[in-house]
Amino acid sequence: MPDNELFIKKYSAMTGGISEAAANNIISILEEIRILKAKHNAVILSHFYMPPELQVDTKNGGVADFVGDSLGLSVEGTKTKADYIVFCGVKFMAETAVILNPEKTVLLPDHQAGCSLAESITGADVLKLKEQNPGVPVIAYINTYAETKAECDVCCTSRNAVKIAKSFESKKLIFIPDKFMGQNLATKFKTETDKELILWNGTCEVHEQFRSNIENMSQANPDAEILLHWEVPQETVKATLNFKKGIVGSTADILNYVEESEAKQFILGSECDLGATLKGMYPDKQFITPCIMCKHMKQISLLKTLQTLRSIGTSEENKYRVLVEKEIRDRAYVPIKKMLELS
Ligand code: 13P
Ligand code: SF4
């Protein structure tokens with residue numbers, strides 16, 4: 001099947017359909033992106049929270065060379081032979097790609113794509129935490145900026161947080177910056193290890209909103225199973241998972257859970273477009289969600305991705321380029337490398 005037909009098929013499965021005019025508009029952008037990627041030896045790495053048109057991969061006629069969670073994108077970034085990585089995600093993720101691939105040019109289609117967690121803590125805050133808790137190892141969630149990572153012992157993503165924490169002998173660990181994720185991890189550790197987590201007061205402005213909306217949907221759909229990201233408040237986890245089947249975990253855990261479950265209906269407590277990802281993968285299952293979008297992720301669009309590719313080799317290129325100072329890059333590389341070795 002030609003690329004454009006494949007794309008429409010996958011995109012329609014994810015979104016429930018597309019008008020002919022909208023399809024023609026998207027296809028003209030995709031065609032130019034394909035040409036520019038080949039011309040500049042560029043790849044597109046795209047997070048699961050991107051709009052659906054950026055989540056269709058090249059096997060399905062789209063333009064994303066790889067679609068994944070934050071860990072998957074970090075690993076994939078190290079494998080590519082491309083000269084340019086166009087990062088369709090948020091800034092801390094693009095910075096991670098720079099730290100792992102200093103010889104490549106990493107472009108972010110909009111530098112406004114931040115993250116409430118990354119913005120909640122600085123390197124100076126970590127130094128204070130270390131002073132208050134001497135000798136306690138610091139685990140930095142990947143959702144932090146490079147200058148924060150530079151002061152930490154190891155990084156983790158939602159997918160490998162449990163494994164990374166367990167790899168430390170120390171009973172006490174500092175986990176920054178997501179307090180809800182930390183509380184959910186601490187609950188899990190209570191039953192499995194003697195670990196005690198010292199937390200920071202950061203929250204994800206998207207996942208912290210999954211509260212009574214999820215509980216009401218859960219009550220209204222008695223057969224549905226529950227899918228919650230680690231970053232959702234602990235009260236929501238208790239109010240739903242104490243009564244129903246489901247999972248609190250990483251994006252990868254959520255995808256694996258759906259793959260293995262026989263249920264036909266799920267309530268999703270994570271970013272709205274992960275619902276589109278799931279719908280595209282499992283068209284015969286239903287995903288009910290309050291549809292809360294990450295405004296930072298939504299700064300990135302197909303059109304801005306095209307504009308980014310058009311800028312390569314022009315005076316505009318630097319507007320998109322993500323740079324991390326060498327001194328910070330070298331120090332932030334240590335905890336990221338340690339994470340990749342442990343995961
Ligand atoms: P993942 O590590 O699951 O990709 O999550 C990243 C994120 O930003 C969650 O809000
Ligand atoms: Fe950050 Fe939350 Fe957006 Fe993820 S969903 S990028 S944690 S603000």
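Along the sequence shown, residues are numbered consecutively beginning with 1. Every value quoted in this text rests on a predicted model; they were computed, and no experiment measured them. When a ligand or atom number is given, it counts from 1 through the structure's own listing order.
Shown here for Q55 and Y49, the closest heavy-atom pair between the two residues is NE2-N, 4.2 Å. When all heavy atoms of G61 and L30 are compared, the closest pair comes out as O-CD1, 4.4 Å.
Of the possible donor and acceptor atoms, one in the side chain of K304 sits under 3.5 Å from a partner among the backbone N and O of Q299. A distance-only check finds a donor-acceptor pair linking the side chain of N213 to the backbone of Q209 [under 3.5 Å]. In this structure, T58 contributes its side chain and V63 its backbone to no donor-acceptor pair below 3.5 Å. Counting only distance, with no hydrogens or angles, the side chain of K195 and the backbone of S170 share a donor-acceptor pair below 3.5 Å. Checked by atom type and distance alone, the side chain of K279 never pairs as donor or acceptor with a backbone atom of Q286 at under 3.5 Å.
Looking at T157 next to ligand 1, no N or O pair under 3.5 Å apart turns up. Geometrically, ligand 1 and S250 share no nitrogen or oxygen pair separated by less than 3.5 Å. On a distance-only criterion, S158 and ligand 1 share at least one N/O pair closer than 3.5 Å.
Residue contacts with ligand 1, taken as heavy atom pairs separated by less than 4.0 Å, involve N143 solely via side-chain atoms from C-beta onward. Here H207 has side-chain heavy atoms under 4.0 Å from ligand 1, and that is the only part of it that gets that close. Residue contacts with ligand 1 for F48 are absent, since no atom lies close enough (heavy atoms, distance under 4.0 Å).
Residues F266 and F287 bring their aromatic ring centres within 6.0 Å.
Here the protein heavy atom with the shortest distance to atom 6 (C) of ligand 1 is H47 NE2, 3.9 Å. Protein heavy atom closest to atom 2 (O) of ligand 1, with residue, atom name and distance, is S70 OG, 2.6 Å. Of the protein's non-hydrogen atoms, T251 OG1, 2.4 Å is the one closest to atom 3 (O) of ligand 1. Scanning all protein heavy atoms for the shortest distance to atom 10 (O) of ligand 1 gives E231 OE1, 2.8 Å.
Within a 6.0 Å sphere centred on CD of E103, other residues, nucleotides and ligands contribute more than 12 heavy atoms.
Residue-ligand proximity: E271 is placed with every non-hydrogen atom at 4.0 Å or more from ligand 1.
Remark: ligand 1 atoms within the under-4.0 Å shell around heavy atoms of D69 are 4 (O). Near H229, with a cut-off below 4.0 Å to any heavy atom, the atoms of ligand 1 are 3 (O), 5 (O), 9 (C).
Disulfide status for C115 with C204: absent, SG atoms not under 2.5 Å apart.
If you run side chain to side chain contact (heavy atoms under 4.5 Å, CB included) between V106 and each of L323, V98, V324, only V98 comes through.
F7 meets the ring-ring contact (aromatic ring centres under 6.0 Å, His included) test with Y11; sequence neighbours excluded.
Protein contacts to atom 2 (Fe) of ligand 2 involving N, O or S atoms at a distance below 2.8 Å are C204 SG.
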